[in-house]
Amino acid sequence: MKQNNSPDRFVILCQNRTGSYLLVDLLGQFSDIMCHGEVFKPNAIELAGWVKGVVAMTIEEREKYPITYVNRLYRATPKKISGFKMFASHNNIARQYVLESRNITKIILTRSHIDTYISNQRARITGEWVNRIAQGRRKKDDSDLKIPFLPEVFEVHRQKAIEIQQEYAACETFTKQSFIRIAYEEVAQLEPVRLLARKLGSTAEPESLVPTLKKQITKPLEEIVENFDEMQRYLAKTAG
């Protein structure tokens, strides 16, 4: 059970390809935590069926009354520490609400700009955004797939990510809050997820944390990126 003096609401602030599904999966394995997925997905509500029934709002109602939706979602599991993941592109009213609320713990999930770029490009090419262990082998062998590094596309991707992080930092200063930060590499190590769960107030002790998701990129970037040397030169030139 959660501690009486601990926050019981949280949100995972993330971008595409930062390992958010893995973090949601692992936090959900703590018996006193309910971690939902992308609840503000543009054309869907990513919730378990029974939670949808409790919240009882359509996509249209969610977009029209986003704060009501968020509060109903949190109240759906009053005996658990409850949270969900949110992208910067999601409903702006709801996003500002959770950012400014002192009663909602903010977790910022990060990953290197180049890794998220390559992962995103790969997902767009293959159409495979999540790879669950239960799914078994991929339908199509893409082991030899090469991803092109496009400087202009990467720069837009990087600048957008930097602006989002600057917004979070400004919000922390303005609202006098301290957001929790966790990196993609830490989530993969599992033990930092246990520490994160403690910060959220969890007292549960899973026997083991077993990911139900598989990494989609298992090779080093030099074996994946079509023009790896060009990418290295560009990154070295623009590092400052």
Side-chain angles (χ1 to χ4, degrees), residues 1-15 18-41 45-48 50-59 61-110 164-183 186-187 192-206:
M1 296 298 291
K2 66 186 178 183
Q3 300 168 349
N4 291 331
N5 62 347
S6 68
D8 60 358
R9 298 179 174 187
F10 67 93
V11 64
I12 300 170
L13 302 170
C14 53
Q15 294 172 262
T18 52
S20 59
Y21 274 109
L22 177 59
L23 183 55
V24 168
D25 172 38
L26 294 173
L27 285 177
Q29 294 182 33
F30 291 80
S31 60
D32 53 2
I33 294 179
M34 173 61 72
C35 192
H36 307 292
E38 193 178 340
V39 302
F40 277 96
K41 206 166 192 173
I45 296 180
E46 205 169 79
L47 289 172
W50 71 268
V51 180
K52 285 183 181 179
V54 174
V55 175
M57 293 180 73
T58 64
I59 294 175
E61 290 170 334
R62 177 194 71 184
E63 295 305 308
K64 189 174 182 179
Y65 308 107
I67 296 177
T68 298
Y69 173 77
V70 168
N71 286 322
R72 284 192 187 183
L73 180 60
Y74 281 131
R75 289 197 297 266
T77 52
K79 295 183 179 181
K80 292 193 176 188
I81 302 163
S82 178
F84 58 91
K85 72 176 189 176
M86 181 169 246
F87 296 148
S89 59
H90 287 168
N91 186 285
N92 191 56
I93 294 175
R95 189 164 170 272
Q96 289 303 312
Y97 174 70
V98 299
L99 280 172
E100 295 174 9
S101 175
R102 292 177 174 275
N103 296 320
I104 300 174
T105 299
K106 266 67 74 176
I107 301 167
I108 299 178
L109 177 59
T110 61
I164 291 170
Q165 293 303 318
Q166 289 174 338
E167 179 191 11
Y168 294 154
C171 183
E172 284 182 280
T173 300
F174 180 74
T175 63
K176 295 182 172 57
Q177 298 181 71
S178 294
F179 296 176
I180 300 172
R181 286 169 173 78
I182 186 168
E186 293 177 296
V187 176
V193 178
R194 291 182 182 274
L195 296 176
L196 174 60
R198 297 292 169 266
K199 289 181 180 179
L200 293 175
S202 173
T203 58
E205 293 288 347

With the side chain counted from C-beta on, respond yes when [X] and [Y] share a heavy-atom pair under 4.5 Å apart, and no when they do not.
| X | Y | result |
| --- | --- | --- |
| N91 | V70 | no |
| F87 | I164 | no |
| T110 | Q165 | yes |
| L23 | C14 | no |

Treating [X] as the side-chain partner and [Y] as the backbone partner, does any N or O pair qualify as donor plus acceptor under 3.5 Å?
| X | Y | value |
| --- | --- | --- |
| N71 | I67 | yes |
| S82 | P78 | no |
| R72 | V55 | yes |
| S101 | Y97 | no |

How long is the gap from [atom1] on [X] to [atom2] on [Y], to the nearest 0.5 Å?
| X | Y | atom1 | atom2 | value |
| --- | --- | --- | --- | --- |
| L196 | E186 | CG | CD | 9.5 Å |
| I81 | S31 | CD1 | OG | 9.5 Å |
| I182 | I108 | CD1 | CD1 | 12.0 Å |
| D32 | T203 | CG | OG1 | 5.0 Å |
| I45 | T58 | CD1 | OG1 | 7.0 Å |
| C35 | I107 | SG | CD1 | 7.5 Å |

Legend entry - Derivation of the side chain to side chain contact (heavy atoms under 4.5 Å, CB included) call for L13 and L99: CA-CA 9 Å; L13 302 170; L99 280 172; 3.6 Å; yes

Inset, instruction - Scan residues 86-106 for pairs that pass salt bridge (charged side-chain N to carboxylate O under 4.0 Å, His left out), counting only residues two or more places apart or in two chains. - result: R95-E167

Inset, instruction - Evaluate the criterion side chain to side chain contact (heavy atoms under 4.5 Å, CB included) for residue pair L27 and F10; output intermediate values, then yes/no. - result: CA-CA 11 Å; L27 285 177; F10 67 93; 4.1 Å; yes

Please list, chain by chain and in numerical order, all residues satisfying ring pair (Phe, Tyr, Trp, His ring centres under 6.0 Å) with [X], sequence neighbours excluded.
| X | value |
| --- | --- |
| H36 | none |
| F84 | Y74 |
| F40 | Y69 |

State, to 0.1 Å, how close [X] and [Y] come at their nearest heavy-atom pair, and which atoms those are.
| X | Y | value |
| --- | --- | --- |
| F30 | S202 | CD2-OG, 3.7 Å |
| A183 | L109 | C-CD1, 4.2 Å |
| K52 | L47 | CE-O, 3.4 Å |
| V98 | M86 | CG2-SD, 3.8 Å |

Inset, instruction - List for me each residue that meets salt bridge (charged side-chain N to carboxylate O under 4.0 Å, His left out) alongside R62, sequence neighbours excluded, and say none if there are none. - result: none

Legend entry - salt bridge (charged side-chain N to carboxylate O under 4.0 Å, His left out) against R181, all qualifying residues, sequence neighbours excluded: E172

